[in-house]
Structures are given as structure tokens and as C-alpha cells.
Amino acid sequence: MKNKPILNLVIPCYNEEEALPITRSELDRKMNELIDNGLISKHSKVVLVNDGSRDKTWEIIEKLHKENDMYVGINLSRNRGHQNALLAGLMYAKEHSHISISMDADLQDDINVMDDMIKKYNEGADIVYGVRNSRKKDTFFKKFTAEGFYKFMGVMGVEIVFNHADCRLMSKRALEGLSEYNEVNLFLRGIVPQVGYKTDIAYYERNERVAGTSKYPLKKMLSFAIDGITSCSIKPLRMITSIGFIILLLSFIVLIYSCIMKIIGNTVSGWTFIVCSIWLIGAIQTLCLGVIGEYIGKIYNETKKRPRYIIESILD
Ligand code: UDP
Ligand code: MG
């Protein structure tokens, strides 16, 4: 068993003035409980990242820090979105802790899952994914769209953990691995599984927001899904080639059909030639687009400059 690790609990906050005071009392209780139970070091911190909020969020964070040095505040210069705010906090945690756990400011993820996560870390996992085991408290619409989101991502070739949002534990070395991914279009759920190492899952119930409103309305969720796919997968480009082959197959069928029609004499003159040309040229064009797509996919993967490997251990 590893000795009491320093934990950094990373929480991105955007316009969370209503939720923070409630979240704060829960965090105080939970952090003290973890320290008293000897699960984490007393030097552990809560890292609150203010993502360019327009309300009093930063003032509240400043006050929290003044009252209790367990609270660390990071103020971003403007709103950069959830993923970037989270990354800013995680990169701070990489330098200042042994393990980081990320959570939302609204405590929809049950903070009591932290015990289980730390237990699994002690058993040897470098990354522990928090997974919602039910969505009883989500509205039907949120449940439907959110679960559809995970399934669609899978179909589009993005490797993600089903029903896992951004609530996860990462060890220092997993964060170091993550920091080698320099891409600007960040989709953490898709990148973290790429880092590797031993992973585990901790299940929890998803609650309602403690206060305030969701910062992820449907419009943002859709653009998040598109971002996720285009940041992590070249499958949409591959699909062009498949479509090209399907059209090619269809044009053979059309070819046979129009030849039969011609033989029967059921056509006006020139019809066979035009119909066959349209289908064949369509197929050739789509296939050519597919070839260009393959190369663009390669260029796209190269520009991301992802690490080609991360070494876990060497015996020599
Ligand atoms: N958030 C952020 N920047 C943004 C939008 C959201 O830092 O531009 C934070 C927000 O404060 C919260 C977390 O991201 O801590 C998740 O947002 P929310 O709970 O509104 O999303 P939902 O749970 O409804 O999907
Ligand atoms: Mg939420």
C-alpha cells in the first residue's frame, strides 16, 4: 500500500456562484473525512478553476482561499470552456500532487465515490473512471440525449468509456502522459483512454445539480459531440470511401438494368448512355474524395503530434 498520497481535487467553475457555497460545505466535510481516515495526506488541496465567470464566482474562490488554505484558486483570463478549464487544473495538479480527481462544481457526481477511487488507486490503478450506474434523477430528455451521445461516439470510432463524464482519478504519471498530448481541440474523454496504464472503474449515482442551471444545454452538447468526433476520429473520412464503393455497386446494377431496357427496346435514344454515365462518374468522384480523405486523415493525425508511445516500466 502506497503511503498517504497528496490529493488535488480539480473543479472547473463557470458562473457557479449559487452552487459554490453549498459545494464548499460538502467539500470541507469530505476532505476532512478522507484526511482523518488516513486515505490522503493533510497537504491535499481543492483546486478551483474559474473559467472566466461573469458572476461572483472568482470573489467566492478568493474568499475561500483566504479562509482556508486547502482551497487553491486558478483564474483563467476568459471563458475557455469546460475541457480547457479542467486541463488547466489538472496541469496544476500534475506539479503539486500524487493523485488528482476531477469533478463538477455542481456535485452531480457523488463525492463519496472518492473513497472507492482512492482504494482502487491503492490497488494499483493509475486511472479510475467514475461511471454513472443509473440516470434515475436525470430528465428523460437528458438521459436520452446523453446516452445517445456515448453510443454515437462509439459508432464514429471514438474510444470512450460508456457513461463516464469527466469525473476521474488520475495518478501523477498518468497526468504526465496526458500532458504529452499537445492538441488544441481538447476532448479529454477521448484522450485519457489513449494514455494507457492500468485502469479501473468506480460506480456512483448521479444526483441533481445542487444549485444553478446546467452550462451544457443541447446546443453545446451537440457541438461537444461534433468536437469529440472530429478531435479523435478519422472514421467520417473513411466513410466517404465506403459510400463510394456502395455507389459503384449501385451503378453496376443500373448498368445491367439499363442494358436490359435497351435490349427490350423500352428506351428513348441516348438514355442508356446518360444514366450509366451519371452513376459511374458519381461513383468515381466519391471514391476519389475518399482517397483524398485518406491523405487528409494522415495529415490530421500527424499535425496532432501525439506521443507515439509512453513507457510504463523497463527491466534492464
Ligand atoms: N464549466 C466550465 N466552463 C464552461 C461550462 C461549464 O468550467 O464553459 C463547468 C461548470 O462550472 C461545471 C462543469 O463544467 O463545474 C460541468 O458543467 P454542467 O454541470 O453545467 O454540465 P452538465 O452536468 O449539465 O452536463
Ligand atoms: Mg452538472
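Side-chain atoms are counted along with the backbone in the values below, which use heavy atoms only and exclude waters and symmetry mates.
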* E33 with R29: basic N within carboxylate O range, under 4.0 Å -> yes
* Lys/Arg-Asp/Glu bridge criterion (N-O < 4.0 Å) met for R54, E17 -> no
* Do side-chain atoms of S102 reach the backbone of D166 as a donor and acceptor pair under 3.5 angstrom? -> yes
* Any S44 side-chain heavy atom under 4.5 Å of L34 side chain -> no
* Asked: Can you tell me if NE2 on H65 sees more than 12 non-hydrogen neighbours from other groups inside 6.0 Å?
  -> no
* Taking only Lys NZ, Arg NE, NH1 and NH2, and the carboxylate oxygens of Asp or Glu, determine whether E205 and R132 approach each other closer than 4.0 Å. => no
* Please say whether more than 12 non-hydrogen atoms of neighbouring residues, nucleotides or ligands are located less than 6.0 Å from NZ in K220. => yes
* Look at atom CZ of F245 and say whether more than 12 heavy atoms of other residues, nucleotides or ligands are closer to it than 6.0 Å. => no
* To do: Scan side-chain atoms only and decide if N50 and E16 contain a donor-acceptor pair under the 3.5 Å cut-off.
  => no
* Asked: Any Lys/Arg nitrogen of K63 or E67 sitting under 4.0 Å from an Asp/Glu carboxylate oxygen of the other?
  -> yes
* Looking at side-chain heavy atoms only, is the closest gap between D28 and N68 below 4.5 Å? -> yes
* Asked: Does the side chain of K198 reach to within under 4.5 Å of the side chain of K120, using non-hydrogen atoms?
  -> no
* Check: T57 side chain, Y14 main-chain N or O, donor-acceptor pair, under 3.5 Å -> no
* Whether over 12 other heavy atoms sit under 6.0 Å from K56 NZ -> no
* Salt-bridge test for R173 and E312: reply yes if a basic N is under 4.0 Å from a carboxylate O, no otherwise. => yes
* OH-CD1 distance between Y257 and I253, expressed to the nearest 0.5 angstrom -> 12.5 Å
* Can D51 and R80 be counted as an ion pair, charged N to O under 4.0 angstrom? -> no
* Ignoring hydrogens and geometry, is there a side-chain-to-backbone donor-acceptor pair from Y92 to V10 under 3.5 Å? -> no
* Asked: If you count the non-hydrogen atoms of other residues, nucleotides and ligands that lie under 6.0 Å from CZ in F152, is the total more than 12?
  -> no
* To do: Before giving the answer on side chain to side chain donor-acceptor pair (under 3.5 Å), spell out for Q83 and D227 the whole-Å C-alpha distance, their side-chain angles and the decisive distance to 0.1 Å.
  => CA-CA 11 Å; Q83 299 286 293; D227 257 6; over 6 Å; no
* Please walk me through it: do D109 and Y204 pass side chain to side chain donor-acceptor pair (under 3.5 Å)? -> CA-CA 7 Å; D109 312 308; Y204 64 89; 2.8 Å; yes
* First locate atom CZ of R24, then atom CG of L107, and finally report the distance between them rounded to the nearest 0.5 Å. => 13.5 Å
* To do: Begin with the C-alpha distance, continue with both residues' side-chain angles, and end with the deciding distance and a verdict on side-chain contact (heavy atoms from CB on, under 4.5 Å) for K262 and F273.
  => CA-CA 10 Å; K262 172 121 187 126; F273 181 69; over 6 Å; no
* **Exercise: do N185 and S231 side chains pair donor with acceptor under 3.5 Å** => no
* **Result of checking K42, E26, M70 against M31 for side-chain contact (heavy atoms from CB on, under 4.5 Å)** => M70
* **Sub-4.5 Å side-chain heavy-atom contact between H82 and F224** => no
* Taking C-beta and beyond as the side chain, do M261 and V275 meet within less than 4.5 Å on heavy atoms? -> no
* Asked: Does the side chain of L188 reach to within under 4.5 Å of the side chain of L178, using non-hydrogen atoms?
  -> yes
* Asked: Do H96 and K45 come within less than 4.5 Å of each other through their side chains, counting heavy atoms only?
  -> no
* Identify whether the distance between the nearest side-chain nitrogen and carboxylate oxygen of K119 and D115 falls below 4.0 Å. => no
* Asked: Does the side chain of L169 come within less than 4.5 Å of Y129's, by heavy atoms?
  -> no
